[in-house]
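Data first, discussion second: the structure below is written as structure tokens.
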Protein chains: 4
Amino acid sequence: MSPRTEIQNNIIKEEKRTLILNVALELFSQKGYSATSMSEIAKAAGISKGLPYSYFESKEELLLSLFKIGINQAMEFFDLDKNGILTADEMKHYITEVFKLLQANRSFWKLYFNLFTQPNVYDLIKTEMHDFTNDMSAILIEYFRKKGSLTPEIDTVVFNALMDGISFQYIIEPELFPLDAVVDNVIKQYC
Amino acid sequence: MSPRTEIQNNIIKEEKRTLILNVALELFSQKGYSATSMSEIAKAAGISKGLPYSYFESKEELLLSLFKIGINQAMEFFDLDKNGILTADEMKHYITEVFKLLQANRSFWKLYFNLFTQPNVYDLIKTEMHDFTNDMSAILIEYFRKKGSLTPEIDTVVFNALMDGISFQYIIEPELFPLDAVVDNVIKQYC
Amino acid sequence: MSPRTEIQNNIIKEEKRTLILNVALELFSQKGYSATSMSEIAKAAGISKGLPYSYFESKEELLLSLFKIGINQAMEFFDLDKNGILTADEMKHYITEVFKLLQANRSFWKLYFNLFTQPNVYDLIKTEMHDFTNDMSAILIEYFRKKGSLTPEIDTVVFNALMDGISFQYIIEPELFPLDAVVDNVIKQYC
Amino acid sequence: MSPRTEIQNNIIKEEKRTLILNVALELFSQKGYSATSMSEIAKAAGISKGLPYSYFESKEELLLSLFKIGINQAMEFFDLDKNGILTADEMKHYITEVFKLLQANRSFWKLYFNLFTQPNVYDLIKTEMHDFTNDMSAILIEYFRKKGSLTPEIDTVVFNALMDGISFQYIIEPELFPLDAVVDNVIKQYC
DNA sequence: AATGAATGAGGGTTCATTCAT
DNA sequence: TATGAATGAACCCTCATTCAT
């Protein structure tokens, strides 16, 4: 008779939100962001066409939420103690964990690479992304400088490119890519 | 009616086809495949909305044609049927040329990275791609072995990932990426 | 359980109903009927989205309720069951009061003009409206006849049209319309 | 075999444009702008849902086109020789013709009054409308000043209100409204 | 009586594609 | 071959309305 309590509603909302995010991630990564319609997501989630809009303002916002979640997961492992300084151990930890994540969350990283190559979509995440990379780069530059590099900025760019390249190739063909051995190699080279 | 006319017609047809392909490549890479309409392509090419359908069955076929052409061009460029052995100088030359090509043909490579992240498209060239990369990898493995590497296969994978990663990041934001410095760094590291 | 509770309940119900009507009138007149959503009304009234449907069957019924209430109020205000004769002073008083009402109740009159232009809505109160205007016209005709007009019916129609036109223009852009000066002018002309 | 000539296309386009305008005017005036969907218009016109968008950029633009056409029709009769000065004869002509137009083009004027009372829709035509009324008012003010009025601005406002009021009442119930007699009365009063 | 999560029809708009010319 | 008017499915999104609680 009485309405649901706020707690009940919050549980329902959280579950639905998660459901929508999961389904959207799966479809976006399988078919690409543009080629996936909101209706498809709703259908695959077993909910009505309109419901996703109770949880996300727009398709764009849904994408951005997904993106932030994924990126934050990866960033958690970077500079573990968040003191702005990277030790060799923290670096090793980061590299190890990022690639664990890559394996555990292939869908997201597939989407990640897909987004970057769609100009109109990339614009949506550009700002978000720059914030992340700027913070990260500053710390990495310092890391390479301390290790005695004369060109820490370039080393940072190269390191990032390598991480991206490995991720990319793994994502394209996970079965054929010798990820573990490659990761070991990277750790040896950089830590 | 006369044979010459037919030949001329074929030339004209070939020119139109090329025109459409070029314009499409430019727009697809600039705005993304989904965000580019067939009408836009026609308009930019100065032809009618219906004409592209005389040359390509659908938008998707146009895209695939572009992809195949681009991949073939790239493979021809890296013609490996020489002597199968890479010297340090040849390696340097290779790295230099890859990135020259990247800069000269940004449009294609942008599209290329986009298509790689779309499973259904990648499947279409998977086999050819494997043949190509296998040939290339064989030569690189030999190169690293000669340089004294104990894990030449892994070094090859890492090298390829790095090349891909650099290309990827450059393509995403060409203005911000210090390509020349990075290339120098790679050459120093690998040659 | 006790009778008092029921009475109190009725009072509460009546208050809620009135609240919804007031909020709806305000929003409908501010933003237009179509552009106002039921959710907005509920939110502005501080109640849940579903509650208005306990009081009104549909958005349209809510609109019609508003319209009928407003028209009845206006008709009561212009209660003509007095002596049926208008003096110049009474005329002046009437004109003054009409425009006072217009200013005091802009929301309603805006909506009123809107509804008049929607055939299906106007049909709902056509009959009552005719009764009302006929009564009023009779008195005005007598007024103009006494003032010596040879076409008192036409004068009445023109007078009514003028009153309507002024109201209309004032409602459309209240800030720009010089209502007071116009009213003075009308009084001078007609009293 | 060969494509239609430009002339043929222009004829087709002009006919379709007119068709869409006519159907839209009819439906907008019958049901109101907001309550009429583009699909309805297309269906009533016997064309596909998408075609109106080849002729008008949006529903708004369609409305504006309609509005401009209607207003321009009326303005043609105002200040016949377009010299910025109104004679008594021109005034008479204007009044007569405007009301002829009102009768001939009831749909438009119904829409006209409907638009004014929908805030979000009125915004679309506000600018357009101000341009018209400003020009007209300037000329009318001069007209009343010449006739010896001490308050030509107010007279102009009152005149406009009267014209609007008459139009409004006629539009609401054309059968009952004694338009001809009223027009005579107005002419006598103002010319 | 009251809540708000959920539905799904329908809105404006776009665009790949067709086809009469 | 070439044109562009026309189609209609599909897209993103809104919102009146329902109903379990």
Side-chain angles (χ1 to χ4, degrees), chain A residues 1-6 8-13 15-17 34-42 46-60 62, chain B residues 9 12-13 16 34-43 47-62, chain C residues 9-10 12-13 16 34-43 47-62, chain D residues 1-6 8-13 15-16 34-42 46-60 62:
Chain A
M1 279 288 177
S2 59
R4 276 185 289 254
T5 64
E6 212 181 315
Q8 284 176 312
N9 272 330
N10 284 342
I11 292 171
I12 291 174
K13 278 169 82 166
E15 277 174 357
K16 274 285 152 65
R17 209 186 124 89
S34 301
T36 303
S37 76
M38 289 296 267
S39 307
E40 275 176 293
I41 293 169
I47 57 178
S48 74
K49 224 161 56 116
L51 195 57
Y53 291 91
S54 303
Y55 293 88
F56 304 93
E57 285 209 335
S58 64
K59 192 185 175 188
E60 279 186 16
L62 173 54
Chain B
N9 272 340
I12 291 173
K13 272 168 81 172
K16 274 276 156 67
S34 302
T36 303
S37 73
M38 288 297 267
S39 304
E40 272 177 294
I41 294 169
K43 201 176 178 182
I47 57 177
S48 76
K49 231 166 38 163
L51 197 54
Y53 289 90
S54 303
Y55 295 90
F56 304 94
E57 282 211 337
S58 66
K59 193 186 177 186
E60 200 176 331
E61 208 229 330
L62 172 53
Chain C
N9 272 341
N10 285 339
I12 290 172
K13 272 169 81 172
K16 274 279 158 65
S34 303
T36 304
S37 73
M38 289 296 267
S39 303
E40 272 177 294
I41 294 170
K43 199 175 180 183
I47 58 178
S48 76
K49 230 164 41 160
L51 196 54
Y53 289 91
S54 303
Y55 293 91
F56 305 93
E57 282 210 335
S58 66
K59 192 185 177 187
E60 200 176 331
E61 209 229 331
L62 172 54
Chain D
M1 280 291 178
S2 59
R4 275 186 288 256
T5 65
E6 211 181 316
Q8 283 175 312
N9 272 329
N10 285 341
I11 292 172
I12 291 175
K13 278 170 82 167
E15 277 173 359
K16 275 285 152 63
S34 301
T36 303
S37 75
M38 288 296 266
S39 307
E40 276 177 293
I41 293 169
I47 58 178
S48 74
K49 223 162 59 115
L51 195 56
Y53 290 91
S54 304
Y55 294 89
F56 304 93
E57 285 209 334
S58 64
K59 193 184 176 189
E60 279 187 16
L62 173 53

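Both backbone and side-chain heavy atoms feed into the values below; hydrogens, waters and symmetry mates do not. Computed from a predicted structure; not experimentally measured. Throughout, protein chains are lettered first and strands after them, A, B, ... in sequence-line order, and every chain is numbered starting at 1.
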Check: What is the distance, rounded to the nearest whole Å, between atom CD of A:E6 and atom P of E:dA5?
Finding: 10 Å
Note to self: With nearest nucleotide decided by heavy atoms, which residue, A:I47 or C:I47, maps closer to the 5′ end of DNA chain E?
What the structure shows: C:I47
Item checked: Residue list, side chain to side chain donor-acceptor pair (under 3.5 Å) with A:R17, at least two apart or on another chain -> none
Check: Does C:Y55 offer a backbone N or O that forms a donor-acceptor pair with the side chain of C:K16 under 3.5 Å?
Finding: no
Next item on the list: State whether C:Y55 places a side-chain N or O below 4.0 Å from either non-bridging phosphate oxygen (OP1 or OP2) of E:dA1.
Entry: no
Check: Between the side chain of C:E40 and the main-chain N/O of C:S37, is any donor-acceptor distance below 3.5 Å?
Finding: yes
Check: Whole Å only: how far is the CG atom of A:N9 from the C1' atom of F:dT21?
Finding: 9 Å
Notebook entry, point to check: Atom CZ of D:R4 and atom C1' of F:dA2: how far apart are they, to the nearest Å?
Noted result: 12 Å
At a cut-off of 3.5 Å, list every protein nitrogen or oxygen paired with a nitrogen or oxygen from nucleotides 9-11 of chain F, distance to 0.1 Å.
unit_1, atom_1, unit_2, atom_2, d
F:dA10, N6, D:K49, NZ, 2.6

Checklist line | Pairing stems for DNA chain F [at least three consecutive pairs; Watson-Crick or G-U; under 3.5 angstrom] | finding: E:2-21 with F:2-21
Check: Counting only side-chain N and O atoms of B:S48, is one of them less than 4.0 Å from OP1 or OP2 of F:dT3?
Finding: yes
Check: Residues two or more places apart in sequence or in another chain: which of them pass side chain to side chain contact (heavy atoms under 4.5 Å, CB included) with D:S54?
Finding: D:L51
Checklist line | Integer-rounded Å distance: F:dA16 P and C:L51 CG | finding: 16 Å
Margin query: Between C1' on E:dG4 and CG on A:N10, what's the gap in Å once rounded to a whole number?
Written below: 12 Å
Note to self: Categorize C:S58 for me: base, sugar-phosphate, or nothing, with a 4.0 angstrom heavy-atom threshold over every strand shown.
What the structure shows: sugar-phosphate
Item checked: Nucleotide E:dG11, atom P - distance to CG of D:L62 in whole Å -> 15 Å
Note to self: Does E:dT3 have its OP1 or OP2 closer than 4.0 Å to a side-chain nitrogen or oxygen of C:Y53?
What the structure shows: no
Margin query: Among residues at least two apart in sequence or on other chains, which ones pass side chain to side chain contact (heavy atoms under 4.5 Å, CB included) with B:E60?
Written below: B:Y33, B:S58
Margin query: Please report the distance, rounded to the nearest Å, between NZ in D:K13 and P in F:dT3.
Written below: 15 Å
Next item on the list: Would you indicate whether the side-chain heavy atoms of A:L62 and A:M38 approach each other to under 4.5 Å?
Entry: yes
Margin query: Whole angstroms only, please: what is the CZ-P distance between B:F56 and E:dT18?
Written below: 16 Å
Next item on the list: Give B:I12 one of three labels, base, sugar-phosphate or nothing, depending on what nucleic acid heavy atoms sit under 4.0 Å from its own.
Entry: nothing
Notebook entry, point to check: Looking only at atom types and distance, does a side-chain atom of C:K49 sit under 3.5 Å from a main-chain N or O of C:I41, one as donor and one as acceptor?
Noted result: no
Next item on the list: Return the set of residues passing side chain to side chain donor-acceptor pair (under 3.5 Å) with C:E61 (not counting sequence neighbours), or none when no residue passes.
Entry: none
Notebook entry, point to check: Hey, is the side chain of D:K16 poking within less than 4.0 Å of OP1 or OP2 on F:dA5, counting only N and O atoms?
Noted result: no
Note to self: Looking at every heavy atom in both C:S48 and C:A42, which two are closest together, and how far apart are they?
What the structure shows: O-CB, 3.5 Å
Margin query: Using a 3.5 Å distance criterion without hydrogens, assess whether the side chain of A:Q8 forms a donor-acceptor pair with backbone atoms of A:T5.
Written below: yes
